[in-house]
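Working notes for the structure below.
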Amino acid sequence: MIFNSIDFAIFFPAVFFLYWFVFKRSVKLQNAFLLLSSYAFYSFSDIRFLLLLIGVSLTAYFIGLGLERSVSGAVRGFLLADGILLMAATLGVFKYYDFFFEGFILPLGISFYIFLSLSYIIDIYRRKMKACSDPVDALLTLSFFPILLAGPIQRPVSLLPQIQKKRDFNYDLAAGGLRQILWGLFMKMLIADNCAVYANDIFANSDTYGGSTLLIGAALYTVQIYADFAGYSEIAIGISKLLGIELMRNFAFPYFAKDIVEFWRRWHISLTSWFRDYIFLPLSFFISRKIPSERFLGINTDMFIYIAGICFTWLLTGLWHGSNRTFIVWGLFHGSLLIFYHVLKKPRKKVLRSLNIRHDNLILVSFERIFTLFAVMISWVIFRADSLHQALAFISGIFSSSLFSKPEFAGIRRINPVLIFGTIFFLIEWIGRNETFALEKFGLKWKRAFRWTFYPALILCIYFFGNFSSAVEFIYFQF
Amino acid sequence: MNRFIRHTFFFFLILLTLNIILYFIGRELYFGNYALHSLDQRSHLLSDSHGQALKDYSEKYGVHNFSVGSDSYDDMLRKTLYLIRNSKPDTVYISVDEHSLTSYRERKNNLDRSVIYCASEDIGRYEYFKQNYIKRYIPLLRPEIAEVIKIYKFPSGKKPVPWASRSAEDRMNRAVKRVNTNFPDEEQSDRLKQSLLKIIDLCKKNNIELISTGLIFLPIRTI
């Protein structure tokens with residue numbers, strides 16, 4: 001079941017009503033009801049994989065209990081290794097089997113709920129949290145429906161306590177949730193799905209288009225993937241808020257980042273921080289404990305450790321998205337950008353100081369923002385392309401002399417609404433960039449009558465200008 | 001909670017007003033003639049735009065024209081069931097052309113409108129509730145209404161160029177585009193084929209004479 005479907009428009013109000021009005025008296029009942037709702041939500045798309053979801057979360061639950069009760073380090077280590085291997089093997093079988101045998105169906109959201117379960121096991125092992133003995137609470141934490149299909153990959157350490165405690169209805173949280181859902185729908189149905197029409201055509205016929213059209217295609221996909229995934233996350237977080245549960249932020253206006261490190265602090269935060277906390281930092285500490293800190297070939301060994309850690313982490317990040325080689329190259333491309341940034345950090349400071357330019361100089365910051373956005377856009381071409389060959393041809397097409405030709409693609413005469421709404425979208429995002437989502441406080445100081453006109457107007461914009469024709473799925477469902 | 005209910009109630013009142021306006025505009029534009037039919041005759045013509053072009057010409061021969069543009073075999077099956085439930089038809093004519101079994105027709109059809117001829121057991125209770133009540137009475141959840149409002153209430157103002165005044169190259173390009181749209185691949189739709197077979201079976205069981213005036217099983221054509 002997807003959030004922007006009629007099924008969900010029937011499902012969620014029913015869940016909301018029963019949750020707050022019928023089961024309100026007991027948190028146990030609320031949780032049991034939410035767990036059943038989560039299973040109903042998941043099985044709506046494909047009931048065959050419900051058993052897999054239950055199996056994965058039950059495994060994490062029992063391993064968590066085992067870790068909690070064992071005092072022996074060896075047993076705990078064995079249980080941890082067991083849990084990680086089981087999760088990795090499940091993910092490997094279902095996600096990468098298709099790499100060798102075509103036609104294998106990928107269970108929806110598997111990468112997300114397996115990472116959630118891994119967090120649960122590892123955090124209990126690290127004693128960051130206690131294992132939950134109540135099976136309903138534990139299973140709900142690992143299969144909470146708003147985050148089940150495409151995240152955010154919420155850490156159980158912050159989700160479980162919210163699930164265990166009694167929840168009282170909070171007006172501000174719920175009203176904020178509704179605004180967040182509205183903004184998410186605007187992002188997905190009006191911005192992302194309209195950009196998708198043109199981006200899909202340009203990518204499908206990339207060999208026939210000139211550089212200027214390819215550049216437009218890359219730009220449209222850049223907007224599409226952001227509006228699609230961030231839109232999904234806003235809806236998921238908003239829905240959760242309506243149920244009285246706060247989720248972590250997943251996007252923080254990434255295209256306004258002035259460097260690649262900042263971009264990755266703002267893009268898919270739940271996944272990036274997952275890889276940082278569970279792969280990059282433990283790996284870097286492990287290597288640094290094994291290798292003494294000294295200089296080699298004039299370079300500090302810390303730099304080598306950083307490079308090794310980044311390369312491995314980004315290889316895994318690419319693989320997390322799928323077995324296609326384009327994802328691996330995309331991951332390594334971002335790894336290289338991060339290393340490049342790290343290496344140039346000190347020389348950049350020196351150059352700026354010698355030129356007497358402040359680091360927050362408006363022209364410098366604007367230039368760095370544009371450069372970062374362009375580098376990210378090129379990476380999205382690799383990510384979106386069907387093959388490395390197509391990605392390479394696409395990128396070389398952008399940098400060819402045809403970049404200065406007149407752009408021409410199917411539907412170019414109908415693109416004006418996309419441009420107008422795209423501009424309005426980024427304007428609102430820019431105005432709201434210091435909030436957790438663009439619409440959070442946008443217009444809150446307006447008179448009520450004006451504000452209450454604004455929201456239905458937004459709904460009507462989605463209704464009349466949104467793209468409903470081709471039932472465009474959320475991009476991250478495929479992962 | 002009371003404050004939330006109060007505010008959402010007022011907000012939903014605004015949405016309800018919008019919904020009612022859209023419902024009445026949409027009902028006329030979207031359903032329009034689709035719901036119009038007659039059960040007086042005992043012979044019925046089921047067809048897509050080819051039958052629709054006949055308008056009421058067939059009526060004087062005692063055949064009720066039940067055709068609407070883009071009707072697929074799925075829609076015709078629903079109409080056949082409706083006729084059997086509500087009247088005593090003795091003849092059903094089916095007139096279609098080759099693209100009736102394509103994946104194009106499987107996608108582009110009138111299923112969301114022909115639901116008015118269904119009974120809940122035809123498509124399942126939940127689907128019937130969704131299609132016949134939610135989608136029908138809440139046009140805000142039905143984007144097709146927005147499309148027809150845009151087309152008919154806010155037309156682009158461009159006058160269509162008559163076919164005769166188009167260049168030969170333009171005509172050829174348009175013809176090729178049309179054929180490629182109507183015949184996107186060489187696959188025949190199993191679902192539509194099954195619906196056609198069900199129509200044949202239903203007519204046989206109910207002693208209805210089924211007359212095909214088109215080439216209903218013709219292989220798909222591509223260029």
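A note on names: the letters A, B, ... follow the listed sequences, proteins ahead of strands, and every chain is numbered from 1.
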Answer yes or no: does atom [atom1] of [X] have more than 12 heavy-atom neighbours from other residues, nucleotides or ligands under 6.0 Å?
| X | atom1 | answer |
| --- | --- | --- |
| B:I14 | CD1 | yes |
| B:R85 | CZ | yes |
| B:F12 | CZ | no |
| A:K447 | NZ | no |
| B:R166 | CZ | yes |
| B:E169 | CD | no |
| A:R414 | CZ | no |
| B:K198 | NZ | no |

- Options A:W20, A:F169, A:Y171, ranked by heavy-atom pairs under 4.5 Å with chain B, top entry: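 The answer is A:Y171.
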
Given a strict heavy-atom distance threshold of 4.5 Å, which part of [X] is in contact with chain B: side chain, backbone, both, or neither?
| X | answer |
| --- | --- |
| A:I459 | side chain |
| A:D7 | both |
| A:A174 | both |

- Message: Testing the basics here: between B:A146 and A:Y463, what is the closest heavy-atom pair and its distance to 0.1 Å?
- Response: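 Shortest heavy-atom separation between B:A146 and A:Y463 comes out as CB-O, 3.3 Å.
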
Which bit of [X] comes within less than 4.5 Å of chain A, counting heavy atoms only: side chain, backbone, both or neither?
| X | answer |
| --- | --- |
| B:F10 | both |
| B:R107 | neither |
| B:I145 | both |
| B:L18 | side chain |

- Message: Parallel, tilted or perpendicular: which one describes the rings of B:F4 and A:F16, with boundaries at 30° and 60°?
- Response: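 Correct class here is tilted.
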
- Task: Taking the side chain as every heavy atom from C-beta outward, state whether B:H7 and A:W452 have any pair of such atoms under 4.5 Å apart.
- Result: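 Yes. Closest side-chain heavy atoms under 4.5 Å.
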
- Query: Is there a side-chain contact between A:I10 and B:Y126, using heavy atoms and a 4.5 Å cut-off?
  - Reply: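 A side-chain contact under 4.5 Å exists here.
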
- Would you confirm whether B:K130, through its side chain, and A:I6, through its main-chain N or O, come within 3.5 Å as a donor-acceptor pair?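 No, because the side chain of B:K130 does not come within donor-acceptor range (under 3.5 Å) of the backbone of A:I6.
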
- Message: Heavy-atom pairs under 4.5 Å with chain A: which of B:I134, B:L15, B:L140 has the most?
- Response: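 Ranked by contacts with chain A, first place is B:L140.
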
- Do you know which of B:E147, B:R142, B:E144 has the most heavy-atom pairs with chain A at a distance under 4.5 angstrom?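 Most heavy-atom pairs under 4.5 Å with chain A: B:R142.
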
- Check against side-chain contact (heavy atoms from CB on, under 4.5 Å), B:I149 and A:F464: CA-CA 9 Å; B:I149 291 174; A:F464 281 106; 3.9 Å; yes

